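Taking it in order: structure first as structure tokens, then the write-up.
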Amino acid sequence: MKLSDKIIELRKSKGMTQEELASTCNVSRQSISKWEADIALPELEKLLILSETFGVSVDVLVKDELELNYVKEVHTCGDNVLGKKKTEVYEGTLVKESIEDDSVLDLLNIHKVELWNTGGKPKYWTILYFSSAHADFPKQVSKVLIADEARGGNWFVDFKAGNVKYVVFRNKVLQYHIGNAKEKAAVCEECRKLGITEDEMNWAE
């Protein structure tokens, strides 16, 4: 069964209209219509919301060979999976060697892992491509980032949630709205004070 068919079946099983699902996912009704007509695909953030809304895993949604065996009832989510406060979905990359406590990895959904040979300290970096729906993820990761000249200096991780970009150091969470030049300039100035080079500030938005 294709993703488009699964969205239709799951939406109807929940008694939701396209408009209601669009509101939950923070998209237009036309976007839902395109997903269900198989002419557009939801972004990762929206797949995570669909997964929570319908009570099925992302794997079940995106893998054609996995069928819907049942619809799980999720009573803790109320009328809207996002509750009274919208759940942020953070997306980015994390260098595993930049943290000193692996327990923060429990907050992540890791989608891909790469090994980079940088020739620096450490020589090899383990790059984790992740998403996280934990509201306090920026604060939690700031507690475990390394800030030690002997271990590579001030490590940071950058990621985004919606249109907000986060740049996080040990015990410091910086953020700006993507497209706001003034806010970004202030964040970059703070990064310079922490010894970050201009090249290192060419992060993706």
Side-chain angles (χ1 to χ4, degrees), residues 23-28 31 42-49 52 80-114 116 118-205:
S23 176
T24 296
C25 294
N26 196 28
V27 297
S28 66
S31 292
E43 297 175 351
L44 174 59
E45 177 186 359
K46 307 309 179 186
L47 282 172
L48 291 169
I49 295 173
E52 291 292 332
N80 189 322
V81 68
L82 303 181
K84 294 181 179 179
K85 180 179 179 182
K86 182 179 182 297
T87 300
E88 297 286 1
V89 178
Y90 304 99
E91 300 176 82
T93 57
L94 173 69
V95 179
K96 186 175 182 293
E97 289 73 18
S98 71
I99 58 175
E100 58 186 7
D101 184 350
D102 287 351
S103 65
V104 75
L105 300 181
D106 293 337
L107 305 180
L108 306 181
N109 293 312
I110 298 173
H111 307 287
K112 184 170 68 171
V113 179
E114 293 181 350
W116 293 1
T118 67
K121 286 187 177 182
K123 182 178 180 180
Y124 293 98
W125 289 2
T126 307
I127 309 299
L128 308 176
Y129 291 78
F130 73 87
S131 62
S132 177
H134 289 264
D136 64 344
F137 172 68
K139 180 180 179 181
Q140 293 303 316
V141 75
S142 75
K143 295 178 180 179
V144 299
L145 285 164
I146 293 171
D148 183 345
E149 286 301 323
R151 292 190 287 171
N154 275 321
W155 287 87
F156 71 90
V157 57
D158 66 276
F159 48 87
K160 68 177 183 177
N163 72 329
V164 178
K165 184 71 177 182
Y166 292 81
V167 184
V168 180
F169 295 84
R170 180 63 173 252
N171 297 323
K172 184 183 287 288
V173 177
L174 306 174
Q175 66 184 76
Y176 64 89
H177 290 85
I178 295 171
N180 188 316
K182 184 176 180 180
E183 290 182 0
K184 182 176 181 178
V187 167
C188 289
E189 184 57 32
E190 286 296 312
C191 291
R192 292 185 189 98
K193 292 176 182 177
L194 293 168
I196 305 305
T197 67
E198 299 299 319
D199 285 343
E200 290 176 307
M201 288 186 277
N202 287 329
W203 45 67
E205 293 184 345

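Residue numbers start at 1 and run along the sequence shown. Values in this document were obtained by computation on a predicted structure and should not be read as measured data.
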Exercise. Do side-chain atoms of Asn154 reach the backbone of Leu194 as a donor and acceptor pair under 3.5 angstrom?
Worked result: yes

For this session: Indicate yes or no: at least one non-hydrogen side-chain atom of Leu128 is less than 4.5 angstrom from one of Leu105.
Result: yes

Exercise. Would a distance-only check, ignoring hydrogens and angles, find a side-chain to backbone donor-acceptor pair under 3.5 Å from Arg192 to Thr197?
Worked result: no

For this session: Compute whether any side-chain donor of one residue and acceptor of the other, for Tyr124 and Glu97, lie under 3.5 angstrom apart.
Result: no

Exercise. Short question: side chain of Arg170, backbone of Leu145 - any donor-acceptor pair under 3.5 Å?
Worked result: yes

For this session: Tell me, yes or no, whether the heavy-atom count around Glu190 atom CD, taken from other residues, nucleotides or ligands under 6.0 Å, exceeds 12.
Result: yes

For this session: Examine Phe137 together with Tyr166 and report whether their ring centres are nearer than 6.0 Å.
Result: no

Exercise. Can you check whether His177's main-chain N or O pairs, donor with acceptor, with Glu183's side chain at less than 3.5 Å?
Worked result: yes

For this session: Keeping the roles fixed (side chain from Lys165, backbone from Glu205), state whether a donor-acceptor pair exists under 3.5 Å.
Result: no

Problem set entry | Lys160/Glu45 ion pair, N-O < 4.0 Å | no

Problem set entry | Expected output: side-chain Ser142 to main-chain Val173 donor-acceptor under 3.5 Å | no

Problem set entry | Donor-acceptor pair, side chain of Tyr176 and main chain of Ala181, under 3.5 angstrom | no

